[in-house]
Amino acid sequence: MEQILKHTWELSEADAINLQQELSLKVIKEDHFAEINYVAGVDVAYSKKDDKLIAAIVILNATSLTIVESVVVVDTAHFPYIPGLFSFRELPPILKAFNQLKTPPQLIVCDGQGVAHPRRFGLASHLGVLLDIPTIGCGKTRLVGEFQAPEQNRGAIAPLVDNGDIIGNVLRTQENIKPIFVSIGHRISLATACEWILKLSPKYRLPETTRQADQLVNRVLSQIQKNMKTEESGT
DNA sequence: GCGACAG
DNA sequence: ATCTTGTCGC
């Protein structure tokens, strides 16, 4: 898959913030896409013991929600976790994984925020701008913004507001279950993003894309930890 | 100064 | 997010 825009990942904290402000101008907050046949789910896990990031991409058929391809990349972490600068830690391995992908998706669902971010440029927006593909930010918890709890029924939404801007929606994907935080990543409107997340979450709290990517990433993570254990006992 | 803070 | 511990269910 072709990466449209590239930049260095060796940045200071201040330079990373400047880059976010510059790139945030490129985010398109409307529906800019044609037919969506394949949807990607992206997730990253972290092994603290050997300081490795494990990035997984799962491609689903957009109608049947079955897996058509998956890729895993294990990489060294080169940037610390700083709230607001999450993408500078997790995107390098994610982009490596996209390079190995054979089935290009027309929509990417990210585990992390889109424009629901202090500088309106969370991981989902960052990935969307670099690949120029529609992305949705889908977080389990909030980074910024205030909200009221949405009604208890599936599909209920409440606006996520920061500085007077509606930066996302708090969306109930399953009745009586904690809602998730949906925001524009790139090339999609908030309303369409929520429609897709509901369509992708027929059974569980999280969309099938992130669920499958999470399962894959954790399977690889536990395999790595298992291998390290047998190496210890063999030495 | 203190708390809050995607994963 | 991970790690550690304990508890519960299969």
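Everything numeric in this text was worked out from a predicted model, so none of it was measured. Within every chain, numbering begins at 1; the chains are lettered A, B, ... in the order of the sequence lines, protein sequences first and strands thereafter. Reckoned from all heavy atoms, side chains included, excluding hydrogens, waters and symmetry mates.
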For residues 26-38 of chain A, which residue pairs pass the salt bridge (Lys or Arg N to Asp or Glu O under 4.0 Å) check, not counting sequence neighbours? none

For residues 160-170 of chain A, pull every pair meeting salt bridge (Lys or Arg N to Asp or Glu O under 4.0 Å), keeping only residues two or more places apart or in separate chains. A:R120-A:D162, A:R120-A:D165

What's touching nucleotides 6-10 of chain C from the protein side, N or O pairs under 3.5 Å?
none

Between the main-chain N or O of [Y] and the side-chain N or O of [X], is there a donor-acceptor pair closer than 3.5 Å?
{"X": "A:S87", "Y": "A:L123", "value": "no"}
{"X": "A:R172", "Y": "A:P150", "value": "yes"}
{"X": "A:R211", "Y": "A:S201", "value": "no"}

Within the sub-3.5 Å range, which N or O atoms of nucleotides 3-7 of chain B have a protein N or O partner, and how far apart are they?
{"residue": "B:dC5", "atom": "OP1", "partner": "A:R142", "partner atom": "NH2", "Å": "2.9"}
{"residue": "B:dA6", "atom": "OP2", "partner": "A:Y81", "partner atom": "OH", "Å": "2.4"}
{"residue": "B:dA6", "atom": "N7", "partner": "A:G84", "partner atom": "N", "Å": "3.2"}
{"residue": "B:dA6", "atom": "N6", "partner": "A:G84", "partner atom": "O", "Å": "3.2"}
{"residue": "B:dA6", "atom": "N6", "partner": "A:F86", "partner atom": "N", "Å": "3.2"}
{"residue": "B:dA6", "atom": "N6", "partner": "A:H117", "partner atom": "NE2", "Å": "3.4"}
{"residue": "B:dA6", "atom": "N1", "partner": "A:L123", "partner atom": "N", "Å": "3.1"}
{"residue": "B:dA6", "atom": "N3", "partner": "A:Q113", "partner atom": "N", "Å": "3.1"}
{"residue": "B:dG7", "atom": "OP1", "partner": "A:K140", "partner atom": "N", "Å": "2.9"}
{"residue": "B:dG7", "atom": "OP2", "partner": "A:T141", "partner atom": "OG1", "Å": "2.7"}

My understanding is that a hydrophobic cluster links ILVMFWY residues whose side chain heavy atoms are under 4.5 Å apart, including indirect links. Using that, what else belongs to the cluster containing A:F181? A:L143, A:V144, A:F147, A:L160, A:I167, A:V170

Give the other cluster members for A:L25, using side-chain heavy-atom distances under 4.5 Å between Ile, Leu, Val, Met, Phe, Trp and Tyr residues; answer none if it is isolated. none

Which atom pair, heavy atoms only, marks the closest approach of [X] to [Y]?
{"X": "A:L190", "Y": "A:G168", "result": "CD2-C, 3.8 Å"}
{"X": "A:A16", "Y": "A:L85", "result": "CB-CD2, 4.0 Å"}
{"X": "A:T210", "Y": "A:V42", "result": "CG2-O, 4.2 Å"}

What residues from residues 198-215 of chain A pass a heavy-atom cutoff of under 4.0 Å to DNA chain B? none

Nucleic acid contacts of residues 175-196 of chain A, taken as heavy-atom distances under 4.0 Å to DNA chain B: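 Within residues 175-196 of chain A, no residue comes under 4.0 Å of DNA chain B.
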
Taking Watson-Crick and G-U wobble contacts under 3.5 angstrom, with | marking pairs to another strand and [ ] crossing pairs, the secondary structure of DNA chain C is written ..........

For A:F88 and A:W9, take the angle between the two ring planes, folded into 0 to 90°, and tell me which bin it lands in: parallel under 30, tilted 30 to 60, perpendicular over 60. perpendicular

Pairing residues for A:Q174 by the side-chain hydrogen bond (donor to acceptor under 3.5 Å, both in side chains) criterion, not counting sequence neighbours: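 Partners of A:Q174 under the side-chain hydrogen bond (donor to acceptor under 3.5 Å, both in side chains) test: none.
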
Stem ranges of DNA chain B by first residue number, counting only runs of at least 3 Watson-Crick or G-U pairs under 3.5 Å, come to none

side-chain hydrogen bond (donor to acceptor under 3.5 Å, both in side chains): pairs with one or both residues in residues 98-114 of chain A, sequence neighbours excluded: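 For residues 98-114 of chain A: A:E69-A:T103, A:D111-A:K140.
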
